[in-house]
Amino acid sequence: MTNLLTLPGPLDPHVHLRGLEWSHKATFVSETAAALAGGYWAVLDMPNTPPATISQAALQTKLAAIGGEAVCDWGVYFGASQDDNTAEYAGLTDVCGLKMYNNATTGSLLIGEQALRARHYAAWPAGKVIAVHAEGPTVAEVLELVRRYRRPTHFCHISTIEELDYLRAAKAAGLPVSIGVTPHHLYLTEDDVRTLGPLGRMKPELKTQSDVCALWVAIDEGLVDVVESDHAPHTLAEKAADIPPSGVPGLETTLPLLGKAVHDGRLTAGQMIALVATNPARIFGLHPPAETYTVFDLDDAYVIERGGLRTLPGWSPFEGMRVYGRVREVWIRGRKVFDGERVLAAPGSGINLFAGR
Ligand code: DOR
Ligand code: ZN
């Protein structure tokens with residue numbers, strides 16, 4: 001049986017593709033191929049991979065590297081640095097937005113001081129998105145800046161009842177905010193860390209069952225705008241170290257996990273399309289090009305297994321989970337770029353969706 005769903009240009013606005021100095025974890029070729037296999041038209045890459053994307057020079061390095069390798073369309077974030085790099089913001093083009101880390105994460109980008117956060121907010125060009133990593137009470141601190149500077153702000157990987165409450169109030173007050181949640185915060189809890197060990201470690205960490213339930217309620221009420229993978233590949237060897245890095249791959253499991261939610265009656269197909277395609281495109285001012293879509297078979301059930309994935313580290317925190325939904329075809333600008341088994345696009349054929357913007 002087949003139950004084919006056409007997704008209009010799925011866009012994952014939160015991925016860490018690696019490459020450059022972290023090419024041993026993953027490369028722009030491997031992870032943009034994983035994006036196509038996961039059903040995505042485009043991905044937006046985070047700035048915390050060394051050399052961190054916090055200067056014009058590092059930005060040009062990254063644009064050139066992804067430009068030569070990407071098989072799907074893409075964008076890159078500029079990063080806010082604790083060594084005030086706001087002088088770089090004026091006239092900055094070719095980026096999809098600014099990423100500001102307000103709580104600790106992988107890499108060295110962290111802005112803990114409200115006065116410095118304010119300087120970044122004031123300097124960032126009006127109208128361009130600021131994506132923030134903010135957890136717990138930090139959400140309220142960032143919302144104060146949104147109120148003051150009115151910059152459109154995307155709250156990444158929201159994972160708790162408390163954070164949802166702050167943001168529900170912010171939306172009710174008309175602030176220009178959007179909300180992303182990840183599949184791992186929707187399907188796993190802190191209890192899973194016992195079995196997953198370091199493969200269940202990421203920032204923000206997994207939360208309680210009540211938090212998970214609240215995220216699903218927030219999706220149902222239309223509060224959540226985006227399901228984003230926070231795809232963050234680390235090798236199994238790194239994850240086995242005494243102090244393992246935080247982060248999990250997710251590009252190839254997000255759509256099948258949402259397909260499972262549709263199958264289980266927790267989500268409608270229309271909600272799924274909004275969460276992975278139309279909402280993220282709207283937030284970043286994008287329209288998928290003509291003849292850009294993904295054919296997704298909602299009735300193909302299978303178990304996620306190690307070895308069945310293209311992401312270079314090859315593992316998933318969802319191994320053993322039964323999901324619904326197989327990516328049959330991905331089309332970009334009238335060209336079939338994934339046929340359900342093979343990536344058909346050549347490295348470098350993906351374009352920067354924010355070139356000149
Ligand atoms: O778990 C995480 N890993 N959270 C982040 O914010 C960064 C990411 C990474 O780059 O590994
Ligand atoms: Zn992230």
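All ligand and atom numbering here is 1-based and tracks the order in the structure.
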Checklist entry - In terms of side-chain heavy atoms, does H234 have a donor or acceptor partner in K239 at a distance below 3.5 Å? => result no
Item to check | Aromatic contact, H16 with H231 (centres under 6.0 Å) | outcome: no
Checklist entry - Hey, would you say the H120 and Y89 ring centroids sit under 6.0 Å apart? => result yes
[Y]/[X] salt bridge by N-O under 4.0 Å criterion:
{"X": "K336", "Y": "D339", "answer": "no"}
{"X": "E190", "Y": "K207", "answer": "no"}
{"X": "D297", "Y": "R326", "answer": "no"}

Item to check | Side chain to side chain, L109 and Y101, heavy atoms closer than 4.5 Å | outcome: yes
Checklist entry - Does any non-hydrogen side-chain atom of V43 lie less than 4.5 Å from one of H14? => result no
As a test of reading the model: which N/O atoms of the protein lie under 3.5 Å from N/O atoms of ligand 1, and at what distance?
unit_1, atom_1, unit_2, atom_2, d
ligand 1, 1 (O), K203, N, 2.7
ligand 1, 1 (O), G247, N, 3.2
ligand 1, 3 (N), T106, OG1, 3.4
ligand 1, 3 (N), S246, O, 3.0
ligand 1, 4 (N), K203, O, 3.0
ligand 1, 6 (O), T105, OG1, 2.5
ligand 1, 10 (O), H16, ND1, 3.3
ligand 1, 10 (O), R18, NH1, 3.0
ligand 1, 10 (O), R18, NH2, 3.4
ligand 1, 10 (O), N48, ND2, 2.8
ligand 1, 11 (O), R18, NH2, 2.8
ligand 1, 11 (O), T106, OG1, 3.0
ligand 1, 11 (O), H234, NE2, 2.9
ligand 1, 11 (O), S246, O, 3.0

Item to check | Distance filter under 2.8 Å, centred on the Zn ion (ligand 2) - protein N, O or S atoms that pass it | outcome: H14 NE2, H16 NE2, D230 OD1
Checklist entry - So Y187 and W216, ring pair (Phe, Tyr, Trp, His ring centres under 6.0 Å) or not? Walk me through it. => result CA-CA 10 Å; Y187 278 98; W216 283 105; 5.6 Å; yes
